[in-house]
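Here the structure comes first, spelled out in structure tokens, and everything after it is commentary.
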Amino acid sequence: MSTTGRIIGVNGNMITVQFKGAVGQNEVGYARLGELRLMSEVVRVRGRYADMQVFEDTTGLAVGDSVDFSGELLTAELGPGLLAQVFDGLQNPLPELAEKSGFFLKRGMYLPALPRDRRWAFTPAVKAGDTVMAGDTIGTVPEGIFQHRVMVPFGLQGAWKVAEVAPSGEYTVDQKIAALADPQGARREVTLLQKWPVKIPIRAYAERLRPTEPLTTKIRIIDTFFPVARGGTYCIPGPFGAGKTVLQQLTSRYAEVDVVIVAACGERAGEVVETLREFPTINDPRTGRSLMERTVIICNTSSMPVAAREASVYTAVTLAEYYRQMGLNVLLLADSTSRWAQALREMSGRLEEIPGEEAFPAYLESVIASFYERGGVVTLRDGGSGSVTIGGTVSPAGGNFDEPVTQSTLKVVGAFHGLSRARSDARRYPAIDPLDSWSKYAGVVSTDDVAAARHVLSRGSEVGQMMKVVGEEGTHLDDFVLHLKAEYLDAVYLQQDAYHDVDCATPAERQRHVFAVIVRLLKAKMRFADKDAARQFFHRLTQATRDWNRLAMETEEFKQQQARLEGMLTEATGHA
Ligand code: ADP
Ligand code: MG
């Protein structure tokens, strides 16, 4: 049954293997290097030759070395124990690897993703004789703050009968907890653990829906101006150092989701290590405990082979889909997808495929599209629903968005949060460009108010440009006030202090309340004696509004500060 082959060519991380028997696209094989078995994946089959990408350093592999094919696709282990873990792209638990091998990754070393010795308290949800289908809940085990559903393996076709189910008790992930039988008499054992090929979407749900409900991130410029929908997709392109990673960390902390999956493909070698060090120290505003308890990190440093990087985004999205099947809302953050695209480019180059733009493969766009398509809201067979929201950063060289990865991503996502160098240099955080960014989703405030505010922003910015040419003296007082209004909106609403206890996260209700007041200020016909008076007024207004942003909404001080702002509005409009 098992197919074997011999290496006839080694080109970086790519090997060409001549085989006897059958080999399929994306099948996993192991190249033998002495005692070591190096995991590889078939990326192309031509006749009796398979091109394989090796997920490891290939130093020492030579023509004539043998390869064993597994007959299986690259799979992820799904079951309780995923949360709070840090994996590499092949789902090796990294802290354990560090323990076992003394340093991060030793070649040819693979560990089970889920601990085999840990016991989980299983409670059955079905009884013998019940009819079940793929994705149905067989029972639950508590995992962190969730009831982790143990589900009928996603690959099963049609209706099955529960032949037996284990009583409540403690079980390890590979102990049998149920047996299923189909009408033809086939039997299938169920454990807490199931495996799923990472490149195939999990579709054991009833229906896919259009994402319509806003996903509150508590970042004002996002929720109010460029919202993300639950189950939607968005991208954050930005030059190096503009704040992509910080923005994703803020979102992972404050977004109203159950589970966060972070696929970290480091730009700098130290960046992933930083993420790993920081995450466990971040506390979860929802539970007061470590954010890590509802997070999974899949990480790759730039020192790991590119093929593992490619695998990591698929592993990450598979874990996200798995938790969605449990009726949870999952946020998948990929940082940065440019590193992933570079892995594709490298592989395509080795395969000597006809290159597309900037040497990326011609199929780059479809690969990116099928990744984002795995996001979505679904209804489950039990009537519940779950979602996977995908946010990916893109780090184009030189911050130029006119390049294939940014452009391919923009074609498929529902929202675009473009980070601007000018804004980050001016420390206007989050540095999302309010003029270039867009979203196709509905947000948390009235669209008319947003349109009015955006009008002020764009007109105010035009006046600002003009003023650079003609100077302040050459600018009409009304235009000057418009410019001040735009700057005010930017300073008190678009910018948000990530390090202030209150300002760091603005719930939807507060955004609606605050934005209504600010829009009233923006729309007001203000009268000033001259430009200096206007400037001074907006300076005071900005200070007062910033102070307001720092007061907890439930407090008396918050109300008083709002009254002060309204008093200032009366003062400026000349109406009592
Ligand atoms: P990128 O991932 O785009 O390369 P980072 O997210 O690592 O950039 O941000 C670079 C630096 O910019 C951070 O280390 C931090 O000093 C600063 N920064 C980014 N976003 C913010 C923010 N929201 N508030 C304050 N500082 C920020
Ligand atoms: Mg970064």
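Read the numbers this way: they start at 1 and go in the same order the structure lists the ligands and their atoms. Small disclaimer: the values here were computed from a predicted structure and weren't measured.
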Open item on the list: Is there a polar contact, in the sense of an N or O pair closer than 3.5 Å, between Gly241 and ligand 1?
Closed with: yes

Open item on the list: I'd like to know if Arg512 and Glu509 make a salt bridge, using a cut-off of under 4.0 Å between side-chain N and carboxylate O.
Closed with: no

- [ ] Check Pro239 against ligand 1 and report side chain, backbone, both or neither, counting heavy atoms closer than 4.0 Å.
- [x] backbone

TODO: Is it possible for you to check whether Lys199 lies under 6.0 Å from the centre of the six-membered ring of Tyr314, through NZ or CZ, and within 45° of that ring's axis?
DONE: yes

Task: Contacts of type ring pair (Phe, Tyr, Trp, His ring centres under 6.0 Å), residue Phe226, not counting sequence neighbours - done: none

Open item on the list: Closer than 4.0 angstrom, basic N to acidic O: yes or no for Asp284 and Arg253?
Closed with: no

Task: Proximity flag Ala242 to ligand 1, non-hydrogen atoms under 4.0 Å - done: yes

TODO: Using a strict 4.0 Å cut-off to heavy atoms of Val246, name the atoms of ligand 1 that fall inside it.
DONE: 6 (O), 9 (O), 13 (C), 19 (C), 20 (N), 21 (C), 22 (C), 23 (N)

Task: Heavy-atom nearest neighbour of atom 2 (O) of ligand 1 within options Asp335, Thr245, Thr393 - done: Thr245

Open item on the list: With respect to Gly243, determine whether any N or O atom, backbone or side chain, lies less than 3.5 Å from an N or O atom of ligand 1.
Closed with: yes

Task: Short N/O/S contact of Thr245 with the Mg ion (ligand 2) (below 2.8 Å) - done: yes

TODO: Considering the heavy atoms of Lys244, write down every atom of ligand 1 situated less than 4.0 Å from one of them.
DONE: 1 (P), 2 (O), 3 (O), 4 (O), 6 (O), 8 (O)

- [ ] Compute the ring centroids of Phe225 and Phe515, then answer whether they are less than 6.0 Å apart.
- [x] yes

TODO: If a pair satisfies ring pair (Phe, Tyr, Trp, His ring centres under 6.0 Å) and one of its residues is in residues 539-563, list it, with sequence neighbours excluded.
DONE: His513-Phe558, Trp548-Phe558

